Amino acid sequence: MFESIHFESTGRKTTNASKPEVLEKLRSIVGEENVVVDPQRVEPYGADAVKEKFPPEAVIFPKSTDEIVAILQLANEYRFPVTARGGGVGYTGGAVPIDGGIVIGTDRMNKLMEISVDDLYVVCQPGMRTIELQNTAAEVGLLFAPDPASYKDSFIGGNIAENAGGMRTPKYGVTKHHVLGLEVVTATGEVIRTGGKTVKNVVGFDLTGLMCGSEGMLGIITEATLKLLPMPEATSTVRANFHSMEAACKVLTKFTPHGLLPMAMEVLDKFCVEAVEQNFAFGLSKDANAILIVAVDGSHDEVDKNAALVEQIIGENGGFDILRARSKEEEDKLWDVRRAISPSLMKYGSLKINEDVVVPRSRVPELVAKIEEIGKRNDTFVANFGHAGDGNIHVNFVVDREDKDAIARARKCVAETFQLAVDLGGTISGEHGIGYVKAPYLDYAVDRPTLEIMKAIKKVFDPNGILNPGKMFI
Ligand SMILES: Cc1cc2nc3c(=O)[nH]c(=O)nc-3n(C[C@H](O)[C@H](O)[C@H](O)COP(=O)(O)OP(=O)(O)OC[C@H]3O[C@@H](n4cnc5c(N)ncnc54)[C@H](O)[C@@H]3O)c2cc1C
């Protein structure tokens, strides 16, 4: 049950959270029905998308900031670990209580508090699903731009705590670019308010920025004020085949001289193409050793002009079988190929180790070529796809779950890939974060003095080390 390919586990820890008096106090804070200790019911809260299980001692479902304050005060008094959880679809084990203690499920804190069309912001609780926020904004003609592919399951709190990216990042940036202000309960139970409702705000240190990507280690986000944008009138998507991944990735920098910044630029290599074709029979060409998908948005006129330009640039740079969607349905079909990759890759093995290195986008062709070499050198299957437009490649080493040697080789590939990304001027994670999965590699990317400052910040927010222990720093 506690098997992890990432570290030796000593099994579930029993902490002070399991003391009857503590559970009684938790029940009095959130109500009997919102404290779950039944082993079967807590089990799903012991895993995220990494799919390694470390069930908590209890799952607590608070409804308000005040309840979270009381829980954290109790955790400090009795010194037990507290791990915040959103949708539980993180890719680095961030929401998983590897040191035991309680999980705070934010599911009940899912209210929309305010939406302002004039001032282009929305205020909501952290348990709102990303898709719900996007839909709510769209209903009043506005766009919440961050769009992780997990948007149907992920929560806003999880997006902020992981600083999630997505398809639209090349044009719109990542989650932190859309967070104006936060209410946070620090580990000691203090309520702090960062930022505000304005895009401009230079009063004091940027604690909003600090909380974005803090992986539930500094405080629990209890309310977020998020930036909205006018919804673009139209979007258009172009998909093209290439004879090599290198050729597809070389196109990424060809739009800039034309003054064009596509909204999304995604690539997939031949193994992804083969896998999705076998699984879903989209009718993809056997000659496609790579596929590039490029999307633009704006007014109808702009989009028509820019989509034609995208087709032209792709055609001039080795793309063939170029398809442009002429309707929303056609556009969805072009994107279906991209969405189908992740599950399809399981045809290559029963364990997929998915990393998300990032490099300056001009280095992507070199990155993918060298990752293929790493796979070959270590006799390990690797498939690459991802948000190439912002340099973020999802590297998938796929092996047999029962084959310990193959797993060890894949782990060697991971270490070499991280070093490669750093050597190319990038880093070890573009959007999935560190959690416990990448904690052993943090010093590949962060030097000692910087790491010391990060640890000192953690100490200020969480002097007793109760929030999400075992993550990021080991
Ligand atoms: C199929 C799939 C596709 C994905 N695609 C993308 C993608 O395109 N882009 C991308 O960036 N990521 C992607 N991810 C990764 C993941 O979904 C994102 O990191 C997402 O933001 C996680 O949200 P969550 O609500 O599930 O967070 P969780 O997994 O529940 O938690 C993640 C971290 O946030 C902390 N946390 C949660 N809520 C709070 C809170 N209220 N206060 C403080 N800390 C909190 C947790 O403690 C944990 O450390 C994908 C994952 C899957 C499975």
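Every value quoted in this text rests on a predicted model; they were computed, and no experiment measured them. The residues of the chain are indexed from 1 along the displayed sequence. Note that ligands are numbered from 1 as they come in the structure, with each ligand's atoms numbered from 1 the same way. Values below: all heavy atoms of this structure, side chains included; hydrogens, waters and symmetry mates excluded.
Close placement of the F282 and F280 rings is indicated, their centers lying within 6.0 Å of each other. Here Y121 and F144 keep their ring centres 6.0 angstrom or further from each other.
Looking at atom 21 (O) of ligand 1, its nearest protein heavy atom turns out to be N159 ND2, 2.9 Å. Here the heavy atom of the protein found nearest to atom 31 (O) of ligand 1 is A95 CB, 3.6 Å. Taking atom 33 (C) of ligand 1 as the reference point, the nearest protein heavy-atom neighbour is E162 OE2, 3.2 Å. Ranking the protein heavy atoms by distance from atom 42 (N) of ligand 1 puts I221 N, 2.9 Å first. When only non-hydrogen protein atoms are considered, atom 52 (C) of ligand 1 lies nearest to Y91 CE1, 3.4 Å. In this structure, the protein non-hydrogen atom closest to atom 23 (O) of ligand 1 is S154 CB, 3.5 Å. Closest protein heavy atom to atom 17 (O) of ligand 1: S150 OG, 2.5 Å. Scanning all protein heavy atoms for the shortest distance to atom 27 (O) of ligand 1 gives G158 CA, 3.4 Å.
Not close to ligand 1: S214, with no non-hydrogen atom less than 4.0 angstrom away.
A donor-acceptor pair under 3.5 Å is formed between the side chain of K458 and the backbone N or O of M217. Using a distance-only test at 3.5 Å, with no hydrogens or angles considered, a donor-acceptor pair links the side chain of Q125 to the main chain of K111.
Between the OH atom of Y441 and the CD atom of E355 there is a distance of 7.5 Å, given to the nearest 0.5 Å. Separation of atoms CD1 (I407) and CG (D400) is listed at 7.5 Å; rounding is to 0.5 Å.
Heavy atoms from both the backbone and the side chain of E431 come within less than 4.0 Å of ligand 1. Within the 4.0 Å heavy-atom criterion, the part of N468 lying near ligand 1 is the side chain and not the backbone. Under 4.0 Å from ligand 1, not a single heavy atom of M167 appears. Within the 4.0 Å heavy-atom criterion, the part of P126 lying near ligand 1 is the side chain and not the backbone.
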Atom pairs and distances, donor-acceptor, side-chain atoms in residues 155-162, under 3.5 Å, two or more places apart:
from, atom 1, to, atom 2, distance (Å)
N159, OD1, T130, OG1, 2.7
N159, ND2, S154, OG, 3.1
N159, ND2, F155, O, 3.4

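Per-residue contacts place A149 under 4.0 angstrom from the following atoms of ligand 1 (heavy atoms of the residue considered): 3 (C), 5 (N), 6 (C), 7 (C), 8 (O). Contact atoms of ligand 1 toward A49: 53 (C) (distance under 4.0 Å to a heavy atom of the residue). Those atoms of ligand 1 with a heavy atom of G90 less than 4.0 angstrom away are 16 (C), 26 (O), 29 (O). The atoms of ligand 1 that sit less than 4.0 Å from any heavy atom of I220 are 42 (N), 43 (C). Near A164, meaning under 4.0 Å from any of its heavy atoms, are these atoms of ligand 1: 11 (O), 21 (O). Close approach to H387 involves these atoms of ligand 1, each under 4.0 Å from a residue heavy atom: 8 (O). When each atom of ligand 1 is checked for a heavy atom of V89 under 4.0 Å away, the hits are 15 (C), 16 (C), 17 (O), 26 (O), 29 (O), 51 (C), 52 (C), 53 (C). Under a 4.0 Å criterion applied to the non-hydrogen atoms of A161, ligand 1 contributes the atoms 34 (O), 35 (C), 36 (N), 44 (N), 45 (C).
The pair D297-K171 meets the salt-bridge criterion, with a side-chain N (NZ, NE, NH1 or NH2) lying under 4.0 Å from an Asp/Glu carboxylate O. Note on K333 versus D336: no salt bridge recorded, every NZ/NE/NH1/NH2 to OD/OE distance being 4.0 Å or above.
T188 and N76 form no side-chain donor-acceptor contact under 3.5 Å, judged by distance and modelled atom types alone. For the 3.5 Å distance criterion, the side chains of E331 and S236 fail to qualify, holding no donor opposite an acceptor. Under the 3.5 Å distance criterion, with hydrogens and angles disregarded, no donor-acceptor pair is assigned to the side chains of E266 and H394.
Considering only residues two or more places apart in sequence or on other chains, R193 meets the side-chain hydrogen bond (donor to acceptor under 3.5 Å, both in side chains) condition with E183.
Of the options G216, S429, G87, the smallest heavy-atom separation from atom 44 (N) of ligand 1 is shown by G216.
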